[in-house]
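Single-structure report; data block below.
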Amino acid sequence: MMKKFLLVGAGFSNAVIARELAEQGYQVTVIDQRYHVAGNCHTERDTETDIMVHVYGPHIFHTDNERVWHYVNQFGEFMPFVNRVKTISQGAVYSLPINLHTINQFFGKTCSPKEAKALIESQADMSITDPQTFEEQAMRFVGKDLYKAFFYGYTKKQWGVEPKELPASILKRLPVRFNYNDNYFAHKYQGMPKEGYTAIVENILNHKNIEVRLNTPFDTSMKSDFDHIFWSGPLDAYFDFELGRLGYRTLDFEAFHDEGDFQGNAVINYGDEEVPYTRISEHKHFAPWEEHEKTICYREFSRACGENDIPYYPIRLVKDKALLQQYVEKAQQETKVTFVGRLGTYRYLDMDVTIKEALEVADTVKAQLKEHQALQPFYVSMGVGGIV
Ligand code: UDP
């Protein structure tokens with residue numbers, strides 16, 4: 001007998017799992033409460049300018065994983081795109097991530113790579129041997145002045161807490177380079193889907209064994225209709241927040257139009273604490289192969305996620321981790337539910353990691369079904385293990 005799968009949330013995680021199961025001949029149902037697929041990666045063309053807009057903020061695809069890169073390229077064309085971010089701090093514009101140009105601009109020097117390394121070491125707090133917090137990581141690897149200019153204000157705005165309360169892992173996302181490479185990412189593959197992310201996810205979901213129901217919130221009565229659920233909504237939401245709410249940050253976007261080119265780059269960050277927004281994205285620069293006379297930009301503001309807001313970033317402070325641990329224990333008892341993705345596993349996952357993990361979940365599910373011909377014996381602990 002074919003098993004019935006319900007996948008709640010039509011982002012990358014569940015699209016990939018749905019597709020993999022559909023290709024094995026299983027009938028799957030994917031629901032999403034929104035009017036579109038692709039979750040927070042959703043893109044759509046602005047009616048006024050026809051520019052492809054990253055509706056929930058900028059997403060740049062980058063990965064080192066061959067399987068993931070090959071996978072996404074089956075579902076749409078990726079155009080060459082390299083993210084080169086600038087940041088404005090105290091009235092000057094600098095190159096990010098911190099590279100030789102940034103260091104020379106900031107200190108008004110013409111250092112060689114070796115000289116820059118020595119300069120940064122003289123700035124850095126070398127007494128920190130094993131940085132635990134964001135602030136320690138910054139003090140150890142870039143020193144106080146660069147930290148204050150580029151990371152302190154931005155991070156306070158982005159996360160709403162002092163950077164010394166945040167884990168070092170957040171800053172480890174950003175490299176520090178002693179050459180002029182200003183590619184924001186260090187991965188082998190980087191690109192932008194020619195027709196946007198939503199088209200990619202729609203293509204993944206376009207299979208005769210997949211039924212997609214949009215504008216359809218999850219209802220607990222659905223549980224009994226399905227043998228297994230893949231849940232990519234917030235982990236705490238699945239349990240009706242019964243133990244309390246995990247902390248998330250949400251984003252507000254203030255859209256505005258202009259003629260021509262507003263800022264000359266896809267993303268410009270604002271490092272100063274006094275500037276209320278964290279960055280401005282100018283969407284047409286994410287598609288440099290297109291031509292548009294007008295332009296649309298988003299000013300991005302971060303704030304605590306309220307009950308009716310869209311969660312974007314799991315915060316993972318000490319208090320969140322304690323609550324998380326309790327939810328993980330509950331999640332582990334749910335043998336008919338697998339929690340996947342950024343929200344389902346409460347981790348700061350990039351798109352490529354999400355897809356990699358979804359493919360691995362699908363591998364496990366397929367292997368289990370083959371072995372047992374039944375759903376009962378299997379429990380996929382993906383993500384849950386990873387979040388403890
Ligand atoms: N960050 C910062 N200044 C910047 C850019 C990033 O302090 O100009 C810090 C900030 O805490 C941010 C983290 O580095 O949350 C990770 O940055 P990334 O650009 O990866 O964030 P995302 O694009 O995922 O929001």
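Heavy-atom basis, side chains included; hydrogens, waters and symmetry copies ignored. Index from 1, following the sequence. Keep in mind the model is a prediction, meaning the values are calculated, not measured. Just so you know, ligand 1 is whichever comes first in the structure, and atom 1 is the first atom listed for that ligand.
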Query raised in the report: Using a threshold of 4.0 angstrom between heavy atoms of the protein and any atom of ligand 1, which residues qualify?
Result: L96, F134, F150, F151, Y154, T155, Q158, W159, I170, R173, L174, Y184, N269, R279, Y313, Y348

Requested in this report: Test side chain to side chain contact (heavy atoms under 4.5 Å, CB included) on Y313 and I315 and set out the steps.
Outcome: CA-CA 6 Å; Y313 296 89; I315 306 182; 5.8 Å; no

Query raised in the report: Is there a side-chain hydrogen bond (donor to acceptor under 3.5 Å, both in side chains) between E254 and Y277 once you walk through the steps?
Result: CA-CA 10 Å; E254 197 179 275; Y277 42 90; over 6 Å; no

**Report entry** salt bridge (Lys or Arg N to Asp or Glu O under 4.0 Å) partner of K366, chosen from E371, E23, E20
**Finding:** E20

Query raised in the report: Residues in side-chain contact (heavy atoms from CB on, under 4.5 Å) with H285, at least two apart?
Result: D261, A266, E282

Query raised in the report: Looking at side-chain heavy atoms only, is the closest gap between V212 and V37 below 4.5 Å?
Result: yes

Query raised in the report: In terms of hydrophobic clusters joined by side-chain contacts under 4.5 Å, are F241 and L324 together?
Result: yes

